[in-house]
A.B. asks: 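Once you've had a glance at the structure underneath, I'll fire off some questions.
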2 protein chains.
Amino acid sequence: MRLTTKGRYAVTAMLDLAIHAGKGPVSLADISERQGISLSYLEQLFAKLRRNELVRSVRGPGGGYQLNREQQDIDVAQVIDAVNESVDATGCGHTGSCHDGNICLTHHLWCDLSSQIHDFLSQISLADLMARNDVRSVAERQERGHMASFEDSLISAKVTA
Amino acid sequence: MRLTTKGRYAVTAMLDLAIHAGKGPVSLADISERQGISLSYLEQLFAKLRRNELVRSVRGPGGGYQLNREQQDIDVAQVIDAVNESVDATGCGHTGSCHDGNICLTHHLWCDLSSQIHDFLSQISLADLMARNDVRSVAERQERGHMASFEDSLISAKVTA
DNA sequence: TTTATAGTTGACTATTTTAGTCGGTTTAAT
DNA sequence: ATTAAACCGACTAAAATAGTCAACTATAAA
């Protein structure tokens, strides 16, 4: 089972994209700053998200990324699958050749668990996440933080001028 | 979230212990051969299982390990927790300091998922696994395999004698 | 009482994955 | 033309996994 910061970063970034939708494309630099994820790492992740047609890109100045479908049509499992290439708890990748070409004692247990996790995550869309109170409040705090640092940069610009 | 061969090995080994209970202690060498897990690695895992009081050991010739509780009182989550020290899908270990000391956008999602997985695994005991058809049939096949290689060793002993 | 068996421990190593960097190239708006 | 952005590939550092190895201790059977 593969569920690490990689998948978490991807979901967080997609949610950031959803939150800032409607105001034109969102640059990875913005996401990087808001969510505290390395820009270069985001590039890697979005290459995969794009190959999986979850986002579309706009190049050039003012460009960035946008969701490629409606928010209710993108679920968390799709995002994690896109960057991890599998949400699989078995060691054999469901082939059943866990032990000398035969299935191991616990093969079916891990299959069951895998589908359990996948079901859970595939029932949660970006729209669902957007509606959650905890997400809304964190997004609001991040907006304020962004504004503050924007004002800071104005002030420091004034000082250095 | 930490769910790799480490946890899978531990559960498989515990199930092997359960299957061969009642005929005295089971040696790690036996488990190693039957389940195809490196002996030295099993030693590491069982050190943790013992510290968590899931198994007890008997030293000396004919010694080995035994379950320390009834089969229905040991669940899969306990075994994985024992070797992995956490079944946690959050990156911050539930502290909520995922991003600059604040919780990240998706913190609660991972908390929910963690408890979902933990619930699922904690509802499955070794006794439950023993009762499954797929487990019984694999165990039977392994028993036959073991017998065959036992007979082989008798034959080769005769030949070399 | 010797001896072989098996657990116990700690240090060490190889491999893989994750996470991230760097340098460059295209592309498109100003 | 300049610049802001996506795009791309190769590279690297750190961590975790999956082991290995050697020395040691306890104990039951011969």
Side-chain angles (χ1 to χ4, degrees), chain A residues 1-10 12-13 17 20 23-33 35-52 54-66 68 80 83-89 91-93 98-99 104, chain B residues 1-10 12-13 17 20 24-33 35-66 68 80 83-89 91 93 98-99:
Chain A
M1 168 65 191
R2 207 141 291 172
L3 188 49
T4 62
T5 49
K6 196 185 219 167
R8 281 195 294 272
Y9 279 176
T12 302
L17 224 52
H20 297 90
K23 300 166 228 160
V26 179
S27 76
L28 293 189
D30 285 354
I31 300 179
S32 169
E33 197 190 335
Q35 307 305 334
I37 306 170
S38 134
L39 174 60
S40 318
Y41 201 41
L42 280 175
E43 286 177 358
Q44 277 186 35
L45 300 181
F46 273 79
K48 294 187 178 186
L49 293 172
R50 199 171 62 92
R51 277 198 287 276
N52 282 267
L54 293 173
V55 298
R56 58 171 173 272
S57 64
V58 180
R59 299 176 77 144
Y65 286 93
Q66 288 171 314
N68 200 28
I80 293 179
V83 296
N84 272 349
E85 16 250 28
S86 85
V87 194
D88 186 6
C92 56
C98 339
H99 176 209
C104 70
Chain B
M1 170 66 192
R2 205 142 293 174
L3 187 49
T4 61
T5 49
K6 197 184 217 169
R8 281 196 293 272
Y9 280 176
T12 301
L17 225 52
H20 297 90
V26 179
S27 77
L28 293 189
D30 285 354
I31 298 179
S32 170
E33 197 189 335
Q35 306 305 335
I37 306 170
S38 129
L39 174 59
S40 316
Y41 202 40
L42 280 174
E43 287 173 357
Q44 275 186 34
L45 299 181
F46 273 78
K48 293 187 176 183
L49 293 172
R50 198 172 61 93
R51 277 198 287 276
N52 282 267
E53 298 180 340
L54 294 173
V55 298
R56 60 171 172 272
S57 63
V58 179
R59 300 174 76 140
Y65 286 93
Q66 287 171 316
N68 200 29
I80 292 179
V83 296
N84 271 348
E85 18 249 26
S86 86
V87 193
D88 186 8
C98 336
H99 176 207

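Since the structure is predicted, the reported quantities are computational estimates derived from the model, not experimental observations. Residue numbering restarts at 1 for every chain, and letters A, B, ... go by the order of the sequence lines.
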A.B. asks: When rounded to the nearest 0.5 angstrom, what is the spacing between CG in A/Asn52 and CG in A/Asn68?
C.D. replies: 11.0 Å
A.B. asks: If you assign each of A/Gly60 and A/Gly7 to its closest nucleotide in DNA chain C, which residue comes earlier from the 5' end?
C.D. replies: A/Gly7
A.B. asks: Hey, which of these two, A/Val58 or B/Ala29, hits DNA chain C nearer its 5' end, going by closest nucleotide?
C.D. replies: B/Ala29
A.B. asks: Quick one: is B/Arg50 getting a side-chain N or O under 4.0 Å of the C/dG7 phosphate, OP1 or OP2?
C.D. replies: no
A.B. asks: Provide, to the nearest angstrom, the distance between the NZ atom belonging to A/Lys48 and the P atom belonging to D/dA6.
C.D. replies: 18 Å
A.B. asks: Kindly compute the distance separating OG1 (B/Thr12) from CG (B/Leu17), expressed to the nearest 0.5 Å.
C.D. replies: 12.0 Å
A.B. asks: Report the residue (A/Leu39 or B/Pro61) whose heavy-atom-nearest nucleotide on DNA chain D is the more 5′ of the two.
C.D. replies: A/Leu39
A.B. asks: Is a donor on one side and an acceptor on the other found under 3.5 Å between the side chain of B/Ser32 and the backbone of B/Ile37?
C.D. replies: yes
A.B. asks: Send over the distance from B/Lys6 NZ to C/dT16 P, rounded to a whole Å.
C.D. replies: 18 Å
A.B. asks: Heavy atoms only: give me the nearest A/Gly7-A/Val83 pair and the separation to one decimal.
C.D. replies: CA-CG2, 4.0 Å
A.B. asks: Each nucleotide N or O in nucleotides 11-14 of chain C that has a protein N or O under 3.5 Å away: list the pair and distance.
C.D. replies:
none

A.B. asks: From the list C/dA28, C/dC22, C/dG7, which nucleotide is the closest neighbour of the side chain of A/Glu43?
C.D. replies: C/dC22
A.B. asks: If you look at every heavy atom in B/Val58 and B/Gln66, which pair is closest and at what distance?
C.D. replies: CG2-OE1, 4.1 Å
A.B. asks: Taking C-beta and beyond as the side chain, do B/Gln35 and B/Tyr9 meet within less than 4.5 Å on heavy atoms?
C.D. replies: no
A.B. asks: Measure from CG on A/Leu42 to P on D/dA5 and round the result to the nearest Å.
C.D. replies: 14 Å
A.B. asks: In whole angstroms, how far is the C1' atom of C/dT8 from the CZ atom of B/Arg56?
C.D. replies: 19 Å
A.B. asks: Can you measure B/Phe46 atom CZ to C/dA6 atom P for me and round it to whole angstrom units?
C.D. replies: 14 Å
A.B. asks: What is the distance from CZ of A/Arg59 to C1' of C/dG24, rounded to the nearest Å?
C.D. replies: 13 Å
A.B. asks: Let me know the distance between CG of A/Leu28 and P of C/dT27, rounded to the nearest Å.
C.D. replies: 18 Å
A.B. asks: When you get a sec, tell me which of C/dA4, D/dA6, D/dC21 is the closest nucleotide to the side chain of B/Ser40?
C.D. replies: D/dC21
A.B. asks: Check every atom of D/dA6, C/dG20, C/dA4 against the side chain of A/Tyr41 and return the nucleotide holding the closest atom.
C.D. replies: C/dG20
A.B. asks: Quick check on C/dG20: is either OP1 or OP2 less than 4.0 Å from any side-chain nitrogen or oxygen of A/Tyr9?
C.D. replies: yes
A.B. asks: Does C/dT5 have its OP1 or OP2 closer than 4.0 Å to a side-chain nitrogen or oxygen of B/Ser27?
C.D. replies: no
A.B. asks: Taking atom CD of B/Glu43 as the centre, does the number of heavy atoms from other residues, nucleotides or ligands within less than 6.0 Å exceed 12?
C.D. replies: yes
A.B. asks: In whole Å, what is the span from the CG atom of B/Asp30 to the C1' atom of C/dG7?
C.D. replies: 14 Å
A.B. asks: Applying the side chain to side chain contact (heavy atoms under 4.5 Å, CB included) test to B/Tyr65, which of B/Pro25, B/Ser57, B/Ser27 qualifies?
C.D. replies: B/Ser57
A.B. asks: D/dC7 phosphate, OP1 or OP2: any side-chain N/O from A/Ser57 under 4.0 angstrom?
C.D. replies: yes
